[in-house]
Amino acid sequence: MKGRRTALSNRPVWLDDKTKSTMDRAIAREQSLSRLLMTYIVTGVIFMLLPGTFLGVWNLIKISSREAAESISPAWIQAHGHAQLFGWVGTFILGIGFYSIPKLRKLKPFALWEAWMCWGLWTIGVLIRWLSNIYPWHWRVLLPLSAVLELVAFMIFFRAVASHRPAGGTPRPWEPWIFVVIAATMGLLTSLLLNLGACIQLALNASSPAFPHGFDQRYLIVSTWGFLIPMVWGFSSRWLTVFMGLRPLRNSFLLVALGLNTAGVVAGFIEHFVIAAAFLLAGSATAIAAIRFFEPSSKAAKTINVHPSFPVFIRMAYGWLLIAAALSLWASLMNEAPGVWGASRHALTVGLIAAMVFCVGQRVLPSFCGMRVLWSPRLMLLMLILLMAGCTLRVSAEILAYQDYAKWAWDVLPISALIELTAVTLFAINLIATFARAPVVAPSPLTMTTE
Ligand code: HEM
């Protein structure tokens with residue numbers, strides 16, 4: 001029998017050897033999982049900063065100086081988009097999925113080497129993709145290779161978190177949010193398969209590593225509305241109801257929202273854009289009604305260790321979701337509308353997705369990554385204000401400039417880009433400084449939580 005102080009009490013608790021060794025193993029696993037998650041998050045942050053945002057800012061400054069949206073290489077635009085969607089947000093989702101899904105579903109633990117292997121293949125795949133878009137050296141080999149690596153990494157992830165191996169006891173029945181996350185995972189799989197098919201097609205028949213415009217637009221509907229949006233809804237339903245003290249989830253509405261959204265993605269992929277946009281708008285409104293963001297809360301929000309304004313920014317992010325869907329309806333009703341499509345895309349990716357990552361990420365990641373506390377809640381507020389301001393300027397100026405409604409709006413676009421760049425840089429600083437801090441509590445099975 002050995003004395004051990006637990007995280008909840010300083011008084012030694014007497015444990016027999018078997019219990020002690022089980023606890024030691026659980027603590028060691030939790031520490032390994034936290035290290036793994038930190039590696040995924042830091043990798044995602046690196047993709048977000050340089051290949052993603054910096055390249056996006058560079059592209060926008062060039063477009064604005066030439067006052068022509070089509071004046072830069074489509075391969076560079078796609079390099080930026082892929083780095084943001086898959087290099088940043090995708091890497092975060094894989095890492096958080098490895099850390100949280102087996103715990104939330106009470107599954108048997110997966111082998112850690114699988115998660116490290118997935119990280120290696122995914123990172124190399126996304127990096128090669130970016131490089132072969134930017135500098136087309138041996139791209140006919142590297143482009144399909146990058147797509148294969150991404151797909152294999154995904155399969156490893158899927159096998160680890162989607163298995164049916166309950167850790168013992170009665171398996172938990174599947175709650176609706178799990179169906180939404182599964183739909184999002186299928187959206188990711190579809191995006192990766194389309195990506196692989198298109199990369200092989202380009203390698204065999206094309207003269208440049210860029211997807212043709214028409215296919216790219218359809219592919220983006222799948223990878224944004226078909227993958228990221230249900231992922232955001234799924235994790236919002238699981239976590240935000242608790243964090244924001246919202247009224248109980250309307251489960252049936254959530255499933256209806258998922259159905260409408262899926263119908264919208266399918267319609268968009270087969271180029272029925274007006275019908276698609278109508279479904280996506282209806283799906284978004286239904287998801288908001290399901291999670292009850294804009295109804296009075298039933299409990300106080302849990303904002304400990306983050307800035308208390310957290311619920312306000314979540315509501316703003318969901319406001320951007322409606323704006324993005326409404327803009328895509330407007331764009332689909334016009335003949336040629338690159339500015340409105342671009343504005344809709346960034347309302348979705350910056351207004352909703354980046355804002356959700358900034359809010360929820362800073363709420364959950366410090367504790368998942370070894371029971372740490374966010375370095376600066378005030379910096380969190382500043383970056384969220386900058387992100388919202390940059391996004392508002394970007395979305396409005398993109399419509400005015402690209403659609404030829406107002407010439408002065410070309411001068412606003414680079415300013416919006418620099419404001420957004422500052423916001424994402426502050427997010428990176430806050431997260432890295434948080435990881436550099438010592439944990440507030442020693443890891444213990446009693447403190448291992450996904451809430
Ligand atoms: C500083 C912030 C950002 C800037 C300055 C920026 C800039 C750009 C520019 C100039 C384009 C070309 C099309 C257009 O003019 O609309 C573009 C496209 C795109 N961006 Fe961004 N962006 C930013 C943030 C983001 C974020 C956070 C995401 C995703 C999480 C994202 C995803 C995309 C996607 C998917 C495309 C379309 C790529 C394609 O056509 O294949 N962007 N961005």
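Numbers here are sequence positions counted from 1. Just so you know, ligand 1 is whichever comes first in the structure, and atom 1 is the first atom listed for that ligand.
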Taking N or O atoms only and a 3.5 Å limit, does Trp88 qualify as a polar contact for ligand 1?
-> no
Any N or O of Asp216 closer than 3.5 Å to N or O of ligand 1 | yes
Report the part of [X] in contact with ligand 1, treating N, CA, C, O as backbone and CB onward as side chain, heavy atoms under 4.0 Å; options are side chain, backbone, both, neither.
{"X": "Trp341", "result": "neither"}
{"X": "Thr224", "result": "neither"}
{"X": "Ile353", "result": "neither"}

[atom] [closest protein heavy-atom partner, distance rounded to 0.1 Å]:
{"atom": "atom 3 (C) of ligand 1", "answer": "Glu420 OE1, 3.5 Å"}
{"atom": "atom 16 (O) of ligand 1", "answer": "Glu398 OE2, 2.7 Å"}
{"atom": "atom 15 (O) of ligand 1", "answer": "Tyr402 OH, 2.5 Å"}

Ring centers of Phe86, Phe47 separated by less than 6.0 Å | no
Please check if any side-chain donor atom of Asn305 sits under 3.5 Å from a side-chain acceptor atom of Arg363, or the reverse.
-> no
Verify the distance criterion only: is there a donor paired with an acceptor across the side chains of Glu70 and His213 at less than 3.5 Å?
-> no
Heavy-atom distance to atom 8 (C) of ligand 1: which of Met48, Arg394, Gln217 wins?
-> Arg394
Quick one: does His82 get a heavy atom under 4.0 Å from ligand 1?
-> no
What protein N, O or S atoms come within a distance below 2.8 Å of atom 21 (Fe) of ligand 1, ordered by chain and number?
-> His80 NE2, His346 NE2
Any residue meeting side-chain contact (heavy atoms from CB on, under 4.5 Å) with Ile61, in chain and number order, not counting sequence neighbours | Val57, Pro414
Could you pull out all donor-acceptor pairs under 3.5 Å where a side-chain atom in residues 271-279 meets a protein atom, sequence neighbours excluded?
none

For residues Gly361 and Pro366, report the shortest heavy-atom separation together with the two atoms involved.
-> O-CD, 3.7 Å
Sequence neighbours excluded - salt bridge (Lys or Arg N to Asp or Glu O under 4.0 Å) pairs with any residue from residues 392-402 | Arg394-Glu398
